[in-house]
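Just so you know, residue 1 is the first one in the sequence shown, and it goes up from there. From a predicted model like this one, the values you see are computed outputs, not experimental measurements.
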Amino acid sequence: MRIITERKVPIIFLTAADEETDMTMGLDIGGDDYITKPFKLAVLFSRINAVLRRSARFGPDDGELHSNGITVQMLKGKVYKSGEEVELTASEYRLLCLFMENPGMILSAEQILGKLWDCSENYVDGNTLTVYIRRLRTKIEDDPGRPERIVTVRGMGYKWNTDRVKAGGKEYPEED
């Protein structure tokens with residue numbers, strides 16, 4: 001069992017459970033540190049800083065995704081197609097980021113819908129998802145009638161079709 005399979009922040013357990021089995025289980029399921037009560041506040045701050053220092057995966061990257069003429073500046077919330085800014089709604093933006101962060105992977109409608117659930121509990125249903133994808137295609141495809149970036153995989157879902165995606169300064173080839 002893992003806490004989270006993909007995460008962007010460290011996890012530190014703060015607990016009164018000080019048995020060895022509790023500590024090892026907390027670390028084995030994905031915790032980065034385990035601190036038992038009582039603890040001193042200065043020690044907590046030092047341990048937080050230590051986890052952040054040794055965890056390169058939590059550090060800042062260039063905050064950009066690049067693929068097939070599309071650039072997403074994630075820290076600024078801006079999208080560019082062939083160098084020109086593209087205006088997207090918040091849902092279209094999240095959808096585009098989801099696709100570009102998962103190049104070549106088939107994402108089912110359920111997976112996509114799970115990512116589009118927002119804090120105010122506005123759930124996007126399958127019909128609305130189809131509309132969002134159509135609108136996003138209209139804005140990012142060269143010929144919306146012939147999708148080349150977002151591909152429908154019949155009976156399975158959708159995928160970001162690309163040869164290479166650059167994220168965090170690294171290039172990832174699409175899996176064959």
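Between the side chain of Glu141 and the backbone N or O of Glu148, at least one donor-acceptor pair lies under 3.5 Å.
At least one side-chain heavy atom of Met25 sits under 4.5 Å from a side-chain heavy atom of Ile29. Residues Met105 and Gln111 are not in side-chain contact: their nearest non-hydrogen atoms beyond the backbone lie 4.5 Å or more apart. Residues Tyr93 and Val79 meet the side-chain proximity criterion, which asks for heavy atoms closer than 4.5 Å. Annotation: side chain of Glu92 is not in contact with side chain of Arg94 (no heavy-atom distance under 4.5 Å).
Residues Asp32 and Leu27 approach most closely at C-CD2, 4.1 Å, considering heavy atoms. Scanning both residues, Thr71 and Glu64, for their nearest heavy atoms gives CG2-OE1, 4.1 Å. Annotation for Lys81 and Asp142: closest pair CE-OD1, 3.2 Å, computed over non-hydrogen atoms. Nearest heavy-atom pair across Val72 and Cys97 is CG1-SG, 3.8 Å. The heavy-atom pair separating Thr152 from Arg137 by the smallest distance is OG1-NH2, 2.8 Å. The shortest heavy-atom contact between Pro103 and Met100 is CD-O, 3.6 Å.
Here the CG-CZ distance, from Leu96 to Arg149, works out to 9.5 Å after rounding to the nearest 0.5 Å. The distance from the OG atom of Ser82 to the CD1 atom of Ile140 is 11.0 Å, given to the nearest 0.5 Å. Atoms CG and CG, from Leu14 and Leu44 in turn, are 5.5 Å apart once rounded to the nearest 0.5 Å. One finds the CG atom of Asp22 at 10.0 Å from the CZ atom of Phe13 (value rounded to the nearest 0.5 Å).
In this structure, Val153 is not a member of the same hydrophobic cluster as Leu107, with clusters built from ILVMFWY side-chain heavy atoms closer than 4.5 Å. Ile112 is not connected to Met156 by any chain of hydrophobic side-chain contacts under 4.5 Å among Ile, Leu, Val, Met, Phe, Trp and Tyr, and they are in different clusters. Grouping the Ile, Leu, Val, Met, Phe, Trp and Tyr side chains by contacts below 4.5 angstrom, directly or via other members, places Leu129 apart from Val131. Connection of Val43 to Ile48 is not established within any shared hydrophobic cluster, with ILVMFWY side chains joined at heavy-atom distances below 4.5 Å, either directly or through further cluster members. Put simply, Tyr80 and Ile150 are part of two different groups of oily side chains (I, L, V, M, F, W, Y) that touch within less than 4.5 Å, one to the next.
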Worked verdict on Tyr132 versus Leu95 for side chain to side chain contact (heavy atoms under 4.5 Å, CB included): CA-CA 8 Å; Tyr132 282 143; Leu95 185 59; 4.0 Å; yes

Worked verdict on Gln73 versus Glu85 for side chain to side chain contact (heavy atoms under 4.5 Å, CB included): CA-CA 11 Å; Gln73 293 181 341; Glu85 188 170 357; over 6 Å; no

Worked check of side chain to side chain contact (heavy atoms under 4.5 Å, CB included) between Ile106 and Tyr158: CA-CA 5 Å; Ile106 298 171; Tyr158 304 90; over 6 Å; no

Derivation of the side chain to side chain contact (heavy atoms under 4.5 Å, CB included) call for Met23 and Thr36: CA-CA 9 Å; Met23 291 179 190; Thr36 58; 3.7 Å; yes

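Under the 4.0 Å criterion applied to side-chain N and carboxylate O atoms, Lys37 and Asp18 are not assigned as salt-bridge partners.
Between the side chains of Arg135 and Ser91, no donor N or O sits under 3.5 Å from an acceptor N or O.
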